[in-house]
Amino acid sequence: MAGLSLIALLDDIASVLDDVALMTKVAAKKTAGVLGDDLALNAQQVSGVSADRELPVVWKVAKGSFKNKAILVPAALLISAIAPWLITPLLLIGGLFLCFEGAEKLHHAKSTAADENDSDDDALAGLSVEEFENQKVKGAIRTDFILSAEIIVIALGTVQIQSLTTQLTVVSLIALLMTVGVYGLVAGIVKMDDVGLYLVNNSQVKTLKYYLGNGLLTFAPKLMRSLAVIGTVAMFLVGGSIVLHSIPGSHDVVHTLLTMLPEALVHNVVISTLAPIVIDGLVGLLAGFMVLLVVSGVQKLKA
């Protein structure tokens with residue numbers, strides 16, 4: 001009897017592990033879209049620090065991200081269990097905050113005529129190296145908190161009807177994989193120029209290693225400048241998507257707008273793929289500047 005009980009227990013464990021593996025794969029696919037935005041935002045947020053401090057800063061932000069998820073995972077499971085209606089309003093607040101940060105960046109860049117410089121770097125220009133680094137880390141962790149919340153809620157939505165054990169395991173695995181994946185790639189991006197310099201200094205001229213290193217040295221600064229732009233755009237896209245999906249009936253409105261396009265465009269793969277993204281961006285842009293106006297008005301009243 002003891003042997004049969006052990007076999008039954010092992011069978012149950014195997015079944016649970018199969019469910020976890022399957023649901024983790026589904027959740028990973030659904031959250032993969034946020035990974036690109038998370039990568040662009042965080043790589044841009046930690047740019048601007050000295051080369052010898054890049055990896056320590058990335059590690060500080062990664063630790064902050066782990067702490068964010070250590071708070072968010074149990075909080076999301078608790079809210080889902082006792083007050084699931086709270087998830088949407090909380091996500092909406094986070095989405096509006098992302099849109100606001102994007103609008104603030106654009107407004108500050110325009111008002112200071114900083115064509116290619118990150119507005120955050122301008123605002124932090126008078127700080128010491130340590131203060132600058134700390135402010136960068138705080139900003140990156142704050143942004144990570146919102147993106148992490150979206151990732152966790154999306155992952156939780158895929159396992160909503162599963163047992164609490166499966167929910168906890170799947171959401172925790174997704175949180176861990178996303179954090180390691182994002183900050184591993186961020187570390188690689190910020191050290192790309194150092195790798196290029198190493199290859200150039202340790203190779204003969206006109207060798208493959210030399211050309212590869214020289215290419216990385218040329219590409220790295222362009223990539224970082226591009227990420228500053230991509231990071232701001234991502235704020236509007238992610239924030240706009242959250243805001244739009246938090247509004248009841250928004251899917252029907254978007255579907256109606258898309259059906260109003262000429263038939264040739266509706267059936268065009270490129271247009272049908274890009275149209276929802278453009279709508280998310282426009283919603284994020286509008287929401288961001290609306291919040292910025294409200295915040296600016298409140299600040300003027302307090303002054």
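Only heavy atoms go into these numbers, but all of them, side chains included; no hydrogens, no water, no symmetry mates.
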Inset, instruction - For Leu96, enumerate each residue passing the side chain to side chain contact (heavy atoms under 4.5 Å, CB included) test, keeping only those at least two apart in sequence or located in another chain. - result: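 With neighbours one apart ignored, the set is Leu92, Val243, Ala287, Val291.
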
With the 4.5 Å side-chain cut-off for hydrophobic clustering, are [X] and [Y] part of the same group?
X	Y	answer
Ile79	Trp85	yes
Val295	Phe289	yes
Leu237	Leu286	no
Val233	Ile277	yes
Val195	Met192	yes

Legend entry - Distance-only side-chain donor-acceptor flag, Tyr183 / Asp144, under 3.5 Å: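 Looking only at side-chain atoms, Asp144 and Tyr183 do form a donor-acceptor pair, the distance falling under 3.5 Å.
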
Inset, instruction - Measure the shortest side-chain to side-chain distance between Lys209 and Val200 over non-hydrogen atoms and say whether it is less than 4.5 angstrom. - result: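 A side-chain contact under 4.5 Å is absent here.
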
Legend entry - Contact check, side chains of Arg142 and Phe97, non-hydrogen atoms, under 4.5 Å: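 Answer yes - side chains close enough.
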
Has [X] got a side-chain atom pairing as donor or acceptor with [Y]'s backbone, closer than 3.5 angstrom?
X	Y	result
Ser80	Ala76	no
Asn202	Tyr198	yes
Thr218	Asn214	yes

[X] and [Y]: which non-hydrogen atoms are nearest, and at how many Å?
X	Y	value
Ala187	Leu55	CB-CD2, 3.8 Å
Leu216	Gly196	CB-CA, 3.8 Å
Ala149	Leu72	N-CD1, 3.7 Å

Inset, instruction - Before giving the answer on side chain to side chain donor-acceptor pair (under 3.5 Å), spell out for Ser148 and Asn68 the whole-Å C-alpha distance, their side-chain angles and the decisive distance to 0.1 Å. - result: CA-CA 7 Å; Ser148 294; Asn68 284 342; 5.0 Å; no

Legend entry - Test side-chain contact (heavy atoms from CB on, under 4.5 Å) applied to Leu217 and Leu199, Asp194, Leu197, Leu212, the passing residue: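 Passing option: Leu197.
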
Would you give the length of the straight line joining atom [atom1] of [X] to atom [atom2] of [Y], rounded to the nearest 0.5 angstrom?
X	Y	atom1	atom2	value
Ile71	Ile152	CD1	CD1	10.0 Å
Leu292	His107	CG	NE2	6.0 Å
Lys138	Lys60	NZ	NZ	11.0 Å
Leu301	Ser296	CG	OG	11.0 Å

Inset, instruction - In sequence, state the C-alpha distance, the side-chain angles, and the governing distance for Asp193 and Phe219, and then conclude on side-chain contact (heavy atoms from CB on, under 4.5 Å). - result: CA-CA 8 Å; Asp193 53 348; Phe219 179 67; over 6 Å; no

Run the side-chain donor-acceptor check on residues 171-182: report pairs under 3.5 Å with partners two or more places apart or on a different chain.
from   : atom 1 : to     : atom 2 : distance (Å)
Ser172 : OG     : Leu168 : O      : 2.7
Thr179 : OG1    : Lys69  : NZ     : 3.1
Thr179 : OG1    : Ala175 : O      : 2.7

Legend entry - Residue pair Ile141, Lys67: steps toward the side-chain contact (heavy atoms from CB on, under 4.5 Å) verdict: CA-CA 9 Å; Ile141 292 174; Lys67 290 178 181 177; over 6 Å; no

